[in-house]
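Quantities reported herein were computed from a predicted structural model and do not represent experimental measurements. Just so it is clear: chains get the letters A, B, ... in the order the sequence lines come, proteins before strands, and each one is counted from 1.
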Amino acid sequence: MKLFLSSCFSKPWVRALFALVLIFAVGCIFNADGAFGRWSTHRDMLRQVSVYGILACGMTLVIITGGIDLAVGSVLGFSAVLFAMLSIHLGLPLLAVLPIVLGAGVACGLVSGTLVTRWRFQPFVATLSMMVFARGLAKWLSGGQKISSAVQQPDGSYSYVDLPPIFDWLDARLLGGNISAVTLVFIGCLVITWFVLCKLRYGRYLYATGGNEAAARLSGVPTVGARLLAYGMGGFFSAVAGICQTVQERQGDPESGVSYELTAIAIAVIGGNSLTGGRGGIGLTLMGALTIGYLEKILSINAVPESGRLMLTGVIIIAAVLLQRRKEA
Amino acid sequence: MHEIEGFVEPAALAPSVKLTGIGKSFGAHRVLDDVSMDLFPGEVHVLAGENGAGKSTLIKILAGIHTDYDGMVMVGGKPTRFNNPHDASHSGISVIHQEMSLVESMSVAENIFLGHEPSRGPLLDRSQLTRRAFDLCAQLDLAFTAADLDRNVEEFSLAIKNRIEIAKALSLDARVIVMDEPTSALNSTEVERLFVLIESLRARGCAIVYISHKMEEIYRIADRITVLRDGRLVGTAPRAGCPQPVLLRWMIGRDLDGFAPPRAAPPESAVPALSVKDFTVPPSSPGRPPRVHKASFTVRAGEIVGLAGLQGSGASELLQGLFGAYGPVCEGTVSLAGNAACKPASPHDAIARGVALLTGDRKGTGLILDLSVQDNLTLAALPRLSDHGLVDKKRERNIAVKNVSDFGIRVHSIEQPVSALSGGNQQKVVLAKWMNTGPRVLLMEEPTRGIDIGAKHEIYEMINEWTARGVAILMLSTEMPEVLRLCDRILVMHRGEITAGFSRAEADPEKILAVAMGASTV
């Protein structure tokens with residue numbers, strides 16, 4: 001029995017699930033007079049964690065290649081501003097806006113990826129510069145203003161335009177009000193990531209590149225392509241997250257997404273993805289996202305102040321990493 | 001257990017270290033059982049056994065890495081239990097691992113005294129550090145200047161690093177030094193120097209535990225030989241009491257006839273599979289001589305051509321260059337199967353053209369240790385196993401299962417991480433990975449490095465099968481007997497050039513070594 005348990009615990013997903021169940025149990029105990037028993041609590045948790053989770057999908061791909069992407073939060077902010085300007089102020093049709101915004105996100109990711117592959121920058125440094133640059137881009141593009149339905153006229157007065165319909169679609173609750181549209185977007189991103197990692201040849205190449213780049217290259221693996229794919233997808237998901245964020249805030253805020261990259265990394269790490277690369281999976285990231293989501297939710301329904309929440313989140317990350325380390329003993 | 005009659009233990013001396021009834025399990029798997037061994041001052045004690053026999057586990061217990069074991073370790077007559085490697089090294093036991101345990105980015109002197117730096121209070125005593133490091137290096141025939149001692153370890157060759165490790169052991173006043181295959185990455189001159197050093201360590205009264213798979217070495221330096229098989233002690237005997245056939249029988253539990261199974265050379269008329277003309281690999285940094293200079297030769301289908309050369313001869317670089325590992329920078333013409341010149345521009349390109357390269361560094365460049373056995377087996381062949389970028393999981397699995405049985409790879413499951421396999425099994429995984437790409441030209445570096453005799457034999461048999469199917473093999477090996485028995489022709493390289501060629505009949509070790517060392521005529 002002991003042996004069976006220890007062999008189970010050597011699997012990362014079992015440990016991630018264990019952490020999630022633990023948090024869930026805590027929620028059941030500190031249920032804030034039954035609030036934890038209501039579906040609306042879970043629905044809201046899922047909505048609140050969705051944007052972070054979407055970022056974490058891209059982060060998972062990058063982490064598996066042995067890299068890190070610090071730029072996702074800034075690219076989110078840039079995409080948010082770009083999306084708001086194109087769709088609200090310029091009133092372009094959705095079919096034109098989406099490719100432009102998503103393409104811009106991918107381009108940001110590819111720049112980071114090119115710095116890492118062609119110029120041999122360390123991923124931390126490459127994406128740190130992209131993080132600073134993209135934030136600057138967002139502020140320059142927006143002139144430092146939040147882009148909302150209030151449009152400034154040449155004479156300084158404001159006129160109001162209608163928000164395009166996508167703002168209502170994506171901010172809606174579906175299936176009888178039981179799930180938020182952004183949560184469905186998050187699930188879509190999880191499925192895309194799963195498909196890339198588990199079904200595509202390039203998915204295997206991501207693991208191989210992160211596990212041992214020299215061996216991968218000598219096995220004919222296009223390691224440059226694999227890395228570019230990871231950072232490119234990271235940019236893509238950042239843009240998706242930027243659109244979702246804009247829709248929820250009903251405006252494009254150049255300051256949005258600040259420090260989101262850290263939450264995305266925390267989600268991946270709590271799930272058990274190895275920062276040294278070569279190991280991990282999207283299932284782990286999903287469990288990491290739910291763990292973080294429930295943690296935040298349980299603390300907020302119990303009215304724990306933000307200071308306490310932050311400190312507890314830090315402790316949980318340490319606990320999660322310690323839990324993962326048990327296997328090497 | 002075998003007891004050799006008439007052997008008198010050096011009874012006048014007390015053993016430096018005495019192991020009694022050592023056992024160790026990983027989960028339900030018993031990897032060591034009731035192993036006893038004495039190490040006397042001034043003896044070279046060879047520890048032999050196939051991979052997976054338990055040698056490494058025993059060494060790790062001695063080194064304080066595994067602290068959870070049965071039995072007793074006595075050091076200098078006192079029962080001792082190490083809680084960590086630090087305890088072991090401070091009790092006078094130093095282990096020089098196959099994978100060097102030096103900190104590459106620190107200086108030679110700092111490495112030697114890492115963990116026990118001479119200090120004055122909390123301050124590092126730099127002058128004493130340098131002086132003592134200098135003395136130790138001088139004793140080991142390492143002609144270092146004070147400036148050399150300040151250089152980082154990464155700037156030195158493997159042979160020198162090996163000596164630095166020994167200096168580190170001596171700085172701890174080691175009474176037992178364990179060397180785990182110390183010669184696997186050394187050339188023959190460096191090996192000679194190591195043996196001289198071992199002799200001097202023996203004279204100082206150190207007990208040396210020497211792990212090796214090389215017969216020549218074992219019989220050159222062993223005072224006593226202990227053999228493990230499947231985690232159990234088979235026997236301990238003085239060198240004279242354990243001649244080669246006995247040793248082999250102890251190790252594998254059966255008689256092995258011959259070295260490499262015989263095979264017929266391909267007919268002269270066989271088509272050339274690989275023709276290389278004036279192949280040049282440019283230098284790694286400008287101003288240095290090219291790594292390979294105008295190499296020209298042909299390998300026919302079904303033929304095995306050996307590359308012999310000392311370290312730095314350019315043989316390894318020639319293989320890497322032919323495989324496209326340096327990118328499209330190489331000059332000269334390469335043609336495969338008589339087709340017009342087509343020089344591989346990248347490994348990806350080479351594989352697509354039917355060329356495979358088994359690298360000499362299994363863990364560094366051969367395998368992806370984090371991935372499963374199956375993922376490693378199919379990695380290089382994924383383009384053939386996928387359709388529109390989607391991997392055909394069923395075919396992939398079938399191939400991996402077939403590989404495991406065809407190559408005799410011992411695994412619990414193909415989902416198991418490849419890092420859990422023994423060296424011989426890992427090597428079979430790499431070989432199978434390359435055969436899955438359907439190569440017509442197989443380039444190999446050290447195909448049997450660091451693996452046991454049983455697995456070696458199996459690999460030789462597989463090589464024979466492949467050549468019978470018309471695969472052309474160009475291989476580099478520093479094990480002379482392997483080159484001599486396996487290859488139809490031998491090309492000798494020296495300083496980036498092919499300086500001589502021998503047929504199997506003409507070749508003999510002395511001639512090859514002379515040419516490899518730069519003698520102009522033979």
Side-chain angles (χ1 to χ4, degrees), chain A residues 1-13 63-66 117-118 192 194-226 229 233 272-281 284 324 327-329, chain B residues 25-29 68 319-320 323-325 327 344 346-353 355-359 361-372 374-393 396 415 417-419 430 433-434 436-437 443 445:
Chain A
M1 184 62 195
K2 201 176 156 197
L3 231 134
F4 172 75
L5 272 181
S6 76
S7 82
C8 268
F9 256 80
S10 70
K11 295 187 178 72
W13 68 268
I63 282 178
I64 283 173
T65 67
T117 52
R118 292 275 174 233
I192 293 174
W194 169 80
F195 188 79
V196 169
L197 284 177
C198 298
K199 291 283 161 187
L200 288 186
R201 191 167 81 216
Y202 261 87
R204 199 70 59 75
Y205 290 166
L206 296 179
Y207 284 104
T209 305
N212 182 343
E213 186 176 9
R217 200 174 69 85
L218 289 176
S219 300
V221 170
T223 53
V224 169
L229 174 78
M233 295 280 292
N273 293 287
S274 160
L275 280 180
T276 52
R279 268 183 274 191
L284 298 180
Q324 284 172 40
K327 68 176 171 209
E328 274 122 53
Chain B
S25 304
F26 288 112
H29 186 43
D68 174 25
L319 295 180
Q320 305 259 349
F323 189 60
S346 69
H348 187 76
D349 188 23
I351 292 166
R353 292 174 195 277
V355 182
L357 170 67
L358 177 89
T359 60
D361 181 1
R362 189 160 56 232
K363 290 187 175 159
T365 52
L367 292 169
I368 296 175
L369 293 170
D370 284 334
L371 295 189
S372 68
Q374 171 177 316
D375 288 352
N376 271 285
L377 284 169
T378 56
L379 182 64
L382 278 183
R384 306 166 128 229
L385 292 174
S386 41
D387 188 22
H388 295 99
L390 285 170
V391 179
D392 184 340
K393 294 265 167 130
E396 191 191 8
E415 308 291 339
V418 78
S419 54
V430 188
K433 168 176 100 171
W434 287 117
N436 285 340
T437 66
L443 311 171
E445 262 182 80

[atom1]/[X] to [atom2]/[Y] distance, rounded to the nearest 0.5 angstrom?
X        : Y        : atom1 : atom2 : value
B/Glu445 : B/Leu319 : CD    : CG    : 5.5 Å
B/Lys433 : B/Asn436 : NZ    : CG    : 10.5 Å
A/Glu213 : B/Thr365 : CD    : OG1   : 13.0 Å
A/Arg204 : B/Leu371 : CZ    : CG    : 8.0 Å

Closest-packed option against chain A by number of heavy-atom pairs under 4.5 Å, given [options]:
options                                : answer
B/Asp361, B/Asp392, B/Asp349, B/Leu367 : B/Leu367
B/Leu369, B/Thr359, B/Asp370           : B/Asp370
B/Leu357, B/Thr378, B/Leu382, B/Ile351 : B/Leu382

